[in-house]
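One structure is given here, and the rest of the page talks about it.
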Amino acid sequence: MRINIQDKLVEKKMNKNQFAKLAQIGYPAACSIYDGKTDRIFFDTLEKVCIALDCTPNDILVFDDPKMQQRMQTYSSENNKSINNNKNDAE
């Protein structure tokens with residue numbers, strides 16, 4: 001498993017320095033995350049990254065094992081269907 005924020009930074013038109021400041025993490029840590037050289041991350045840092053990029057962990061976590069990637073995609077699809085059904089029920 002690894003973290004991929006490069007696409008999110010491009011989408012937000014943000015450079016690594018801007019990301020580091022917005023996420024309230026050090027520039028070296030931001031560079032490690034950006035370069036995919038992070039082998040562990042604290043939950044509070046992951047939360048800061050997600051808040052800064054306006055995303056969820058599912059949006060930036062990439063699984064190297066194809067089976068695990070498929071499971072996460074299936075879970076996300078089922079979860080989105082459930083959320084949409086709940087919204088429709090509320091209306």
Side-chain angles (χ1 to χ4, degrees):
M1 181 184 320
R2 56 191 164 79
I3 298 174
N4 182 355
I5 63 164
Q6 293 176 0
D7 294 338
K8 287 288 181 187
L9 289 185
V10 169
E11 179 185 313
K12 304 276 183 196
K13 298 179 177 144
M14 191 182 303
N15 64 37
K16 290 183 269 189
N17 189 48
Q18 292 167 323
F19 164 67
K21 288 181 181 180
L22 191 60
Q24 301 174 344
I25 60 176
Y27 184 74
C31 289
S32 292
I33 293 170
Y34 180 86
D35 294 335
K37 295 181 179 177
T38 303
D39 58 358
R40 64 184 176 272
I41 188 167
F42 290 106
F43 285 122
D44 62 330
T45 304
L46 181 60
E47 182 177 34
K48 289 177 183 181
V49 168
C50 289
I51 289 169
L53 298 178
D54 190 30
C55 67
T56 68
N58 283 346
D59 297 327
I60 59 174
L61 292 177
V62 178
F63 297 90
D64 296 324
D65 180 355
K67 289 180 183 178
M68 189 61 164
Q69 185 68 33
Q70 180 62 36
R71 286 181 187 159
M72 286 306 297
Q73 288 172 344
T74 301
Y75 172 77
S76 292
S77 301
E78 291 173 3
N79 193 35
N80 287 337
K81 287 178 190 176
S82 176
I83 290 170
N84 289 334
N85 287 340
N86 289 340
K87 284 182 183 177
N88 291 337
D89 291 345
E91 295 173 354

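FYI, side chains are in, hydrogens and waters are out, and symmetry mates aren't considered; it's all heavy atoms of this structure.
Atom CD of Gln18 has more than 12 heavy atoms from other residues, nucleotides or ligands within 6.0 Å.
Taking both residues in full, the closest heavy atoms of Asp54 and Lys12 are given as CB-NZ, 3.6 Å, listed atom of the first, atom of the second, then distance. Of all heavy-atom pairs between Asp64 and Met1, the closest is OD2-N, 3.6 Å. For Phe19 against Met14, the heavy-atom pair with the smallest separation is CA-SD, 3.5 Å. Summarising the geometry of Ile33 relative to Val49, their closest heavy-atom pair is CD1-CG2, 4.1 Å, with the distance given to 0.1 Å. Minimum heavy-atom separation, Lys8 to Cys55: CE-CB, 3.9 Å.
The CD1 atom of Ile3 sits 3.5 Å away from the CD1 atom of Ile41 when rounded to the nearest 0.5 Å. Atom-to-atom distance recorded for Glu47:CD and Phe42:CZ is 14.5 Å, nearest 0.5 angstrom. Here the OG1-CD1 distance, from Thr56 to Ile51, works out to 12.5 Å after rounding to the nearest 0.5 Å. Considering CG of Leu46 and CG of Leu61, their distance stands at 6.0 Å, rounded to 0.5 Å.
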- prompt: Is there a side-chain contact (heavy atoms from CB on, under 4.5 Å) between Leu53 and Ile5 once you walk through the steps?
  reply: CA-CA 8 Å; Leu53 298 178; Ile5 63 164; 3.8 Å; yes
task: Apply the test side-chain contact (heavy atoms from CB on, under 4.5 Å) to residues Thr45 and Ile25: give CA-CA distance (whole Å), side-chain angles for both, the deciding distance (0.1 Å), then the verdict.
output: CA-CA 8 Å; Thr45 304; Ile25 60 176; 4.1 Å; yes
field: Audit row: Val10, Gln6, side-chain contact (heavy atoms from CB on, under 4.5 Å) steps and yes/no
entry: CA-CA 6 Å; Val10 169; Gln6 293 176 0; 5.7 Å; no
task: Assess whether side-chain contact (heavy atoms from CB on, under 4.5 Å) is satisfied between Ile60 and Cys50, documenting all intermediate values.
output: CA-CA 8 Å; Ile60 59 174; Cys50 289; 4.0 Å; yes
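Judged purely by atom type and a 3.5 angstrom limit, Asp35 has no side-chain atom pairing as donor or acceptor with the backbone of Ser32.
The hydrophobic clustering, which links ILVMFWY residues whose side-chain heavy atoms are closer than 4.5 Å, places Tyr27 and Tyr34 apart.
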